[in-house]
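Reading through the structure tokens given below for one structure.
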Protein chains: 2
Amino acid sequence: MPRPRTPLLSRERIVAAALALVDAEGLAALSTRRLATELSVSGPSLYNHFATKDDLLDAVVDSVMGEVDLGMFDAPEDWRAALAAWARSYRAALAAHPNVVPVLAQGPGRRPNALRLADAVFGCLVDAGWPRGQATRIGALMRYFITGSALGSFAAGFPEDAGVYAADYPHLADAHRLAEHRRAVDEGAFETGLEALLDGLALRYARLPD
Amino acid sequence: MPRPRTPLLSRERIVAAALALVDAEGLAALSTRRLATELSVSGPSLYNHFATKDDLLDAVVDSVMGEVDLGMFDAPEDWRAALAAWARSYRAALAAHPNVVPVLAQGPGRRPNALRLADAVFGCLVDAGWPRGQATRIGALMRYFITGSALGSFAAGFPEDAGVYAADYPHLADAHRLAEHRRAVDEGAFETGLEALLDGLALRYARLPD
DNA sequence: ACCTGAACACCGTTCAAGT
DNA sequence: ACCTGAACACCGTTCAAGT
């Protein structure tokens, strides 16, 4: 059935299926052949819509970045509130798709939504009076913290098997129970870190010469 | 030449070669067959020393974690200074091997050096008087920030091609020059973030009931 | 115990062929 | 323009065979 009158595929359909696959089974499960099967199509068909698998992955990543709200930068009350709101929106978008974070954390590359995000954050900080050099560093360090917090659950990274800890790691005696509170631990750590970070930055802002 | 009298391989030799390969060409370049060739051995030979490729990768990751200094936790003067020294040592170890960070950021799993590290940090905070719940969150948020900062250079993530930014991303007009200052930007962002984070945490520590 | 070659079920990608 | 099957050079892993 070559060349159907109405195309079987579209970039949107491919990206959606790829994201679903990565969400459900991880980055390693995304193969062009597997994805094609999922779309009821033969492997090479995808190459009519994307030049390479990396190209496709770029589109998947940028579709996740597109979910980040940037509205708070349109008419920011103050930089701290805008940054906090943006950080929470950013983290929520990434936490919904943790398996793509390693790719997206490599930097914006040429992905439009990633560049738009970087532009908005930097612009807000400079408009608020931060020197350009400092604004760059703050954009970077916020990204460090947010991507790091979405890269994988802290709590889920510890084995539930209590036997792992006994004797060798005395302070981790209760670590096997982290899984129960997985969500609360991760969310609490993010909120604590975000507020601490903003407090620390506010101290520096107050010291800025004007 | 099967079964030489002195073994051709050892776990150490394999891990060292794998790390060198990942450092030089990235995670994607690490294949069992390629690694075997590098070691002048046939592909399946590796399976005498590691059960699977994932097993081998675990050993590679833990060898990097082993480079992190934990000595500052032996007799810590104060939690803040110890945490700062540890964070810098941790980041330096990861920044030397950025390509393995996505793997290691998934959590400690059953890797001994990763568990030892988590144990030392948590123990230091609890000994300093932090409540256990807070100590857990601080351990998590520090890891978020440190792994995020080592996951990929912020500066290097922006294309050097100035044409990418023109018109569409007005605030990023100078982003193409980030590459020149790559190291300074990344280091400056890490230091600013670390100090801000610790300042913010110190504020909370001062408010702790005793 | 530790290495080998052969084999299996997979990959990403190219390309000529179809309509 | 958009899909197909065949083909190429790769994967991770198993296994029987060697010493």
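Remember, predicted model here, so these are calculated numbers, not experimental data. Just so it is clear: chains get the letters A, B, ... in the order the sequence lines come, proteins before strands, and each one is counted from 1.
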Please map the stems of DNA chain C, keeping only stretches of three or more Watson-Crick or G-U wobble pairs with both distances under 3.5 angstrom. C:4-8 with D:12-16, C:12-16 with D:4-8
Between [X] and [Y], what is the ring plane arrangement, given parallel below 30°, perpendicular above 60°, and tilted in between?
| X | Y | value |
| --- | --- | --- |
| Phe73(B) | Trp86(B) | tilted |
| Tyr165(A) | Phe158(A) | tilted |
| Tyr144(A) | Phe154(B) | perpendicular |

Tell me whether Glu160(B) at atom CD has more than 12 heavy atoms from other residues, nucleotides or ligands lying less than 6.0 Å away. no
Taking atom CZ as the centre, does Arg13(A) end up with more than 12 heavy-atom neighbours from other residues, nucleotides or ligands that are less than 6.0 angstrom away? yes
Length of the [atom1]-[atom2] vector between [X] and [N], whole Å:
| X | N | atom1 | atom2 | answer |
| --- | --- | --- | --- | --- |
| Ile14(A) | dG12(C) | CD1 | P | 14 Å |
| Leu35(B) | dC10(D) | CG | C1' | 16 Å |
| Leu46(A) | dC3(D) | CG | P | 9 Å |
| Leu39(B) | dT4(C) | CG | P | 11 Å |
| Arg33(A) | dC11(C) | CZ | P | 7 Å |
| Asn48(B) | dG18(D) | CG | C1' | 13 Å |
| Leu27(B) | dC11(D) | CG | C1' | 16 Å |
| Lys53(B) | dC11(D) | NZ | C1' | 8 Å |

Does a side-chain N or O of [X] approach OP1 or OP2 of [N] to a distance below 4.0 Å, or not?
| X | N | result |
| --- | --- | --- |
| Ser42(B) | dC3(C) | no |
| Thr32(A) | dC11(C) | no |
| His49(A) | dA1(D) | no |

Tell me which nucleotide among dG12(C), dC3(C), dT4(D) gets nearest to the side chain of Leu9(B). dC3(C)
Remember a base hit wins even if backbone is also touched, and classify Ser31(A) as base, sugar-phosphate or nothing at under 4.0 Å, heavy atoms. sugar-phosphate
Under 4.0 Å, counting only non-hydrogen atoms across every strand here, what does Leu30(A) touch: a base, just sugar-phosphate, or nothing? sugar-phosphate
Could you tell me if the side chain of Trp79(A) sits less than 4.5 Å from the side chain of Ile138(A), heavy atoms only? no
Taking the side chain as C-beta and beyond, is there a heavy-atom pair between Val126(A) and His171(B) under 4.5 Å? no
Review item, nucleotides 14-16 of chain D N/O atoms under 3.5 Å of protein N/O:
none

Do the side chains of Arg91(B) and Glu187(B) get close enough for a salt bridge, i.e. N-O under 4.0 angstrom? yes
